Each structure stands twice: as C-alpha cells, then as structure tokens.
Amino acid sequence: MVWSVSTAKMFERCQRQWFFKTKLANARAKDWERQRAYRLSKLQSVSAWRGNVVDQALSREVIPALERGWPISADRVIHSALARFDRQLQIARAHRIMDPEVKPSDFGDDLAAFHCLEYGGIVDENEILRARDEVVTALRTFFGMEDLIARLRAADRLITQRALSFAHSDTTVRAVPDVIAFFASAPPSIIDWKVHAFGWRDAWLQLVVYATALTRCKPHRDFPIATDSYEVTDVELLEVQLLTGTIRQHALEARQIAEADAYIARTTEAMDLAVGVVNGKAAALEPKTFPATLYPGVCGRCPYRSLCWETEKLWISKPTSFRC
C-alpha cells in the first residue's frame, strides 16, 4: 500500500471515495469502469484549479530561473501564467474529459476539468474572474517576498515536485514537496506553497511527513547531499501563503513527529482492515463494501458522485441514509 497525507484524509472523510481514488482508478486501464474513475479523479473546483496554475508557474518557470541565477520578472511570469490559465480554461469549458474518444494525455500539462460541469452545473463567471485575479495576486505577492527569494537564490540546488518515499512498517509513505532547497553549509529547507484566500490552514502534519520523507528516503541521484545525515527536526519547514504574504516557519518537536508517526500507523491499519489485507494480499474489492460519508458537504465536492450513486442503486433500492 502507498500512503500519503491526502489519501489518509480522504479515507477519513469517505472510505468509498478513497476506494474509487486508490483502488479503482487506473489511467492505463482498458475497461471503462477503471478508466472512468481515473477521469473523474481529474475533476476540480475552480479554486483548486487556479492554485495549480500558480504551482505550475512557480515550479516550471520561477524556481528553475532562481536556481540558475537567471533574471526573471513578475510581469513575464504573470503573462505566461495567464496564458496557461486561458488555455486550460478553454479545455475545461469544452469538458471532454469523459469522452471515450479523447485521451486525457492528449491535453498534456494543460488538462483541466471542472466538477460543476460534470454534475449539471454551470461555470460561475464571477468565480473565474476572481480566480484570474488571485493568480496575479499570488505571483505578485511571491515577487514581493524579497527575503524568501534571496534565500532561494542562495541555495546550491532547488528541486520542485519531487516524489519522496520511505518505508513505514509494511507501507510505503509517499510525499511530494513543492520545493526542496539544499545548502552547502546548512540543513535543507522544504517550502510548501498555499493559495488560500484566508491563509489560516495549518499544514504541520503534511510538513512533518515531508521532512521525515526527506531524511528517510533513498536519495535521488541529483541530491547534492546525503539527507539521512540530518534529523527530521533539522529540516527547515516554511509554509508560504501566497495570497496573504505570510510565511510560517514550523519548528518541529518530538511530540509532533511521534503524532505523525502514530497517525500513519493508525490510518494504515484502518485501510488494511477496510480492504481485508491478509498476509499481504487484499480481498476482492467492491465499492458497496466501503461506507459512504453521511456528510452532504463531502458528497457535494466528490468527483466520484456518479459512480457512488450507481453503486447505491445496485445495492439497495431505497437508501436509508444520505449517500453521495
């Protein structure tokens, strides 16, 4: 089993959603059921999509330029990001994600699909305008963080969106930090971008897992240092809120590391029990064996709603509780 913070949180919100995401969806599947689940997994809210546009601008243009010492301007990056925004918006509006004649890979990095269009809604044009404005705000805010930019330029190596894995009992823990900064005479730093309008979410659990993964993983070939020489508490952890301009530095304590370790163990055990793992092998899985959430808010945002409704119709003719 591969564990991540996002899948563990999903499992706690709705086990059936977790099943569709981690056990059924398959990008390479020939059968339509698995392919359909994979395509549904690409559905996003407008706000989540605009956060991805910002992430792409930073990871693909800004950070590589800073690492190489190249000049880069806010205006140039914003122009490029808005061009990407418009390309992806056009793809999302066409909403061909569920067309069997179209491969999601045909759209490359510009693939975008809106949850509202799949489930009978319309795109809120005011929300699109707000998302566009927030892309500009987030990038201008970044370029105004002079101390952070100087810190990034001082790094010997900057690596973006790199998957890190380590073993936790019989589970593989996977984490993908936004940025890892390596320094010749200091411990590495991990930077996590946040694009929230209110900037209040605390990402300590995610950052603890990032730091643990960096110090326990098998180093990638382009890592300039042996990361296992550092303790988890040595890693500098920065949560950067790009809409508010707030930088929160997380100083880890042994208690938080222990809590994260216990959370991984607890949720892994719950997942193993849910799939019926015996001697490392899972039982045959069906969606109806995984309970759906009872919270309407979770259902309203779920990309797998149509699959879940079909499961309910096949399972029982008259639901006794609210289902996705």
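Computed from a prediction, not measured in an experiment: that's the story for all the values here.
Under a 3.5 Å cut-off, the side chain of H115 and the backbone N or O of C302 do form a donor-acceptor pair. Formation of a donor-acceptor pair under 3.5 Å by the E239 side chain with backbone atoms of I191 is not found in this model. Remark: the backbone N or O of M98 is not paired with any side-chain donor or acceptor of R39 at under 3.5 angstrom. A donor-acceptor pair is defined here as one N or O able to donate and one able to accept, closer than 3.5 Å; such a pair exists between the side chain of R68 and the backbone of P64. The backbone N or O of A184 lies less than 3.5 Å from a partner atom in the side chain of D156, making a donor-acceptor pair. Listed for the R16 side chain is a donor-acceptor partner under 3.5 Å among the backbone atoms of P287. Judged by distance alone, with hydrogens and angles left aside, the side-chain atoms of T7 form no donor-acceptor pair with the main-chain N or O of W3 at under 3.5 Å. At distances below 3.5 Å, at least one donor-acceptor pair connects side-chain atoms of Q256 with backbone N or O atoms of E253. Judged by distance alone, the side chain of Y119 and the main-chain N or O of S306 form a donor-acceptor pair under 3.5 Å. Panel note: side chain T141, backbone L242; a donor-acceptor pair is recorded below 3.5 Å.
Looking only at side-chain heavy atoms (C-beta outward), L24 and Y304 stay at 4.5 Å or farther from each other. You'll find the side chain of T212 stays beyond 4.5 Å of the side chain of H168, heavy atoms only. Between T227 and I180, the closest side-chain pair of non-hydrogen atoms is not below 4.5 Å. Between V195 and E134 the shortest side-chain heavy-atom distance does not fall below 4.5 Å. No side-chain heavy atom of F11 sits under 4.5 Å from any side-chain heavy atom of T22. Looking only at side-chain heavy atoms (C-beta outward), V208 and E259 stay at 4.5 Å or farther from each other. Between L58 and V179 there is no side-chain heavy-atom pair separated by less than 4.5 Å. By the 4.5 Å heavy-atom criterion applied to side chains, I122 and C116 are not counted as neighbours.
Contacts classified as side-chain hydrogen bond (donor to acceptor under 3.5 Å, both in side chains) and involving residues 178-193 (residues at least two apart or in different chains) are given here: R151-S189, Q161-D178, S189-E236, D192-K194.
Between E125 and R132, no side-chain nitrogen of the basic residue sits less than 4.0 Å from a carboxylate oxygen of the acidic one, so the salt-bridge criterion is not met.
In terms of heavy-atom proximity, V62 sits nearest to I72 at CA-CD1, 3.7 Å. Pairing each heavy atom of D234 with each of P187, the nearest pair is O-CB, 3.3 Å.
Counting heavy atoms of neighbouring residues, nucleotides and ligands inside a 6.0 Å radius, atom CG of D147 does not exceed 12 of them.
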### Message
Please determine whether side-chain contact (heavy atoms from CB on, under 4.5 Å) holds for the pair E310 and E33, giving the CA-CA distance in whole Å, both sets of side-chain angles, and the decisive distance to 0.1 Å.
### Response
CA-CA 12 Å; E310 290 170 13; E33 183 183 27; over 6 Å; no
### Query
Can you list the steps and then say if Q17 with T293 is a side-chain contact (heavy atoms from CB on, under 4.5 Å)?
CA-CA 9 Å; Q17 185 184 76; T293 183; over 6 Å; no
#### Entry: Verdict with supporting geometry, F290 and K23, side-chain contact (heavy atoms from CB on, under 4.5 Å)
CA-CA 11 Å; F290 295 84; K23 303 301 178 184; 5.6 Å; no
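In the hydrophobic clustering of ILVMFWY residues, with side-chain heavy atoms under 4.5 Å counting as a link, M145 and V54 come out together.
Side chain to side chain, Q88 and W49 meet the donor-acceptor criterion of an N or O pair below 3.5 Å.
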